[in-house]
Participant: 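Starting off with a structure, shown below.
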There are 2 protein chains.
Amino acid sequence: MGSRKVSNPLALAVLALLFERPMHPYEMGRLLRERDKERSIRYNRGSLYMVVNQLLRAGFVAAQETVREGQRPERTVYALTDAGHAELHDWMRAEVSTPHQEFPRFMAALSLMGVLRPAEAAELLATRLAALTEQVDAVRAETRAAMEHGLDRVFLMEEEYRLALLDAERAFVANLIELIKQPDFGQVWHEFHQERP
Amino acid sequence: MGSRKVSNPLALAVLALLFERPMHPYEMGRLLRERDKERSIRYNRGSLYMVVNQLLRAGFVAAQETVREGQRPERTVYALTDAGHAELHDWMRAEVSTPHQEFPRFMAALSLMGVLRPAEAAELLATRLAALTEQVDAVRAETRAAMEHGLDRVFLMEEEYRLALLDAERAFVANLIELIKQPDFGQVWHEFHQERP
DNA sequence: GGGGTCATGTAATAGGTTACATGATTCT
DNA sequence: AGAATCATGTAACCTATTACATGACCCC
């Protein structure tokens, strides 16, 4: 509840799409897919209709017309209202200028790692390290391919960010593995498991 | 739906707490707070009772006894079942060994940044950079203080991870700001806004 | 012309957050 | 003794995901 009437990032994406031109929900879905937004924004078809409805109730979008082609269900075309335009701009400014507290799964896992035995943890971390390395390579390859296809680098900034995060995590994990192997690290941790069956 | 019957990270934390000893929900909440888990796991009191119920239905925990002290509401003490013990271990292994796809808000923002004018974006990013720097400093100071109080470094791994991510983002943002300032960067972006009112 | 898959939604269900309640304890 | 805070939950309300439907189009 960032105090905004609608706070789901998918809603922000919808506002951004309608900033280009009015369209109906299915088209939004198609564009999001074509532009690979699934990689950076979590959603599914159900949530798309949901947020469009939320935006409608909030007055940020309005139904512009309802057309029916043949026997297919009616498609409602939505357009940005003035309030929606303002919200898009203001919301984007907030998202760019202010970091949002995140709760990555791995942070939770780290904070609970005590329940695993140290040696086991080290093994699992090695597996993770391998997976991360693969992901880094995959992202690098994909962005290189996309740019060779002529896509402007501006449209790949989110992938460069992803890469930065992945790489930082890779370094962290590699370092943690070495740490755990050192005998003087995590005395309490070892002791806790010594007393267990 | 990682195909697990209960998938909320808070549930993992609850299992981990019950691995230490049986306890009632309110005590879980108190321990989570005392140990600063709020920083790494998103939850509120409502969700605590919710996940305990989910775990109960899934058979991972069982009500051990219900005590009443004075006129206070009854407190139900829960304990791990064998299935819960197995789930905790298996789930932890998965969380540590396998990266989970994340959707940070900033990644969404980057992928929609086109709706802002380049100069505006650069300014907002500078604000973000300052905020990130403050956060980095704050985390460094807090962990240093905690260690000086005698807390073992093992218990601060999630903070070191946080630091790694924050720092990577800082570097990324600083670099992006410079990029945007270069005149040959983001031609399409500039053009898109040239045609707008 | 029958079997996929595209197009287009709605409805049912589960998940999660906020608001509401209320006795006990402690502080001043 | 009144105010603040702790202890302890339940209920109401959103939000989000999954399941269900169904006509059109395309491929073999």
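Owing to the predicted nature of the structure, the values given are computational and were not obtained by experimental measurement. Every chain is numbered from 1 and lettered A, B, ... according to where its sequence line falls, protein lines coming before strand lines.
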Participant: Taking the minimum atom-to-atom distance to the side chain of R42(B), which one of dT17(C), dT15(D), dG9(D) wins?
Facilitator: dT17(C)
Participant: Take atom NZ of K5(A) and atom C1' of dT18(C), then tell me their distance rounded to the nearest Å.
Facilitator: 19 Å
Participant: Quickly work out the Y78(B) OH to dT8(D) P distance and round it to whole Å.
Facilitator: 13 Å
Participant: In this structure, how many angstroms lie between the P atom of dA12(D) and the OH atom of Y49(B), rounded?
Facilitator: 18 Å
Participant: If you count the non-hydrogen atoms of other residues, nucleotides and ligands that lie under 6.0 Å from CD in E134(A), is the total more than 12?
Facilitator: no
Participant: Measuring from atom OG1 of T133(B) to atom CG of D167(B), what distance do you get when rounded to the nearest 0.5 angstrom?
Facilitator: 9.0 Å
Participant: Does a nitrogen or oxygen in the side chain of Y26(A) sit under 4.0 Å from OP1 or OP2 of dA7(C)?
Facilitator: yes
Participant: dA14(C) P sits how many Å from N53(B) CG, rounded?
Facilitator: 14 Å
Participant: Taking atom NE2 of H85(A) and atom CZ of F60(A), what is their separation to the nearest 0.5 Å?
Facilitator: 13.5 Å
Participant: Between Q54(A) and dA16(D), does any side-chain N or O lie under 4.0 Å from OP1 or OP2?
Facilitator: yes
Participant: So what does R33(B) hit on the nucleic acid, given a heavy-atom distance under 4.0 Å: a base, only sugar-phosphate, or nothing?
Facilitator: nothing
Participant: CG of L48(A) versus C1' of dT18(D): gap in Å, rounded?
Facilitator: 16 Å
Participant: Between dT17(C), dT17(D), dT15(D), which nucleotide has the shortest distance from any of its atoms to the side chain of R57(A)?
Facilitator: dT15(D)
Participant: Between the base of dG9(D) and the side chain of R45(B), is there any donor-acceptor pair under 3.5 Å?
Facilitator: yes
Participant: Would you indicate, yes or no, if dT15(D) has its OP1 or OP2 atom less than 4.0 angstrom from a side-chain nitrogen or oxygen of N8(A)?
Facilitator: no
Participant: With a cut-off of less than 4.0 Å, is there a side-chain N or O of S47(A) near OP1 or OP2 of dA16(D)?
Facilitator: no
Participant: Between R30(A) (CZ) and dG9(C) (C1'), how many Å, whole number?
Facilitator: 17 Å
Participant: Going hydrophobic residue to hydrophobic residue with side-chain gaps under 4.5 angstrom, can you get from M147(A) over to M157(A)?
Facilitator: no
Participant: Can you tell me how the ring of F172(A) sits relative to the ring of Y161(B), calling it parallel under 30°, perpendicular over 60° and tilted otherwise?
Facilitator: tilted
Participant: If you check the M50(A) side chain, which of dG9(C), dA16(D), dG9(D) turns out closest?
Facilitator: dA16(D)
Participant: In whole Å, I'd like the distance from the CE atom of M23(B) to the C1' atom of dT8(D).
Facilitator: 16 Å
Participant: Round to a whole Å and report the spacing from CZ of R75(A) to P of dG23(D).
Facilitator: 18 Å
